[in-house]
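For the single chain, residues carry numbers from 1 onward in sequence order.
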Amino acid sequence: MKAGEYLNARVSRQGECAPSLLAQTGRGDRRAVHSPAGPRLASWQERLAKETMSAKLGETVVISDLARACRLSMSYFVRAFKNTVGIAPYTWFIGQRIVLAQTLLAQSHSPLAEIALECGFVDQSHFTNTFVRRVGTTPLQWRREVWGERSLPRRPCSK
């Protein structure tokens, strides 16, 4: 019996609503989204964690500091965040960095290296690798697609 089949059988026997516990993935299999019995963050803890991470997108965020601010142990905080939000805190944080990068790519003609540093990535290579994994294209290709027919503004050459 596969994991998805086991979960479906277990959910059906307990009389719980399977659609709320299971999500369709791109591969066609079903897997649990949230553990009904797992720890969850209180609304104030979720808000505090997200606001703290959002305010520090260009900096290093230490998960143990977030856990301490939420008055939880680090391991409990990570489990509860994942059960509440659906993804781990660091994954959420990197996703927010990518959203910020997309905004900067679409609205400015700043060099990729500058955007990378502003979004908290170590260098342009790290930024590009992460961007490709998350978005599926390089930052420059993404920028060109967003700008479309308009030509990308050129920075004046300094001589």
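Once rounded to the nearest 0.5 Å, the distance linking CG of L104 with CD of E114 reads 9.5 Å. Here Q45 contributes atom CD and T84 contributes atom OG1; the two are 8.5 Å apart, rounded to the nearest 0.5 Å. The structure places CH2 of W142 at 4.5 Å from CD of Q102, a figure rounded to the nearest 0.5 Å. Put simply, CG on L66 and OH on Y90 are 12.5 Å apart, with the number rounded to the nearest 0.5 Å.
Using modelled atom types, no side-chain atom of Q96 and backbone atom of F93 make a donor-acceptor pair closer than 3.5 Å. Between the side chain of R143 and the backbone N or O of L105 there is at least one donor-acceptor pair closer than 3.5 Å. Judged by distance alone, with hydrogens and angles left aside, the side-chain atoms of N83 form a donor-acceptor pair with the main-chain N or O of P39 at under 3.5 Å. No donor-acceptor pair closer than 3.5 Å links the side chain of E46 to the backbone N or O of L41.
For K56, the NZ atom sits in a loose shell: 12 or fewer heavy atoms of surrounding residues, nucleotides or ligands are nearer than 6.0 Å.
Side-chain contact between L48 and C70: present, with at least one pair of heavy atoms (C-beta onward) separated by less than 4.5 Å.
Side-chain N/O atoms of E51 and S54 include no donor and acceptor closer than 3.5 Å.
Among residues at least two apart or in separate chains, side-chain hydrogen bond (donor to acceptor under 3.5 Å, both in side chains) pairs with a member in residues 62-71 are D65-R68.
Across W147 and S108, no two heavy atoms sit closer than the pair CZ2-O, 4.0 Å.
Taking the six-membered ring where the residue is Trp, F121 and F127 present tilted rings, their angle falling between 30° and 60°.
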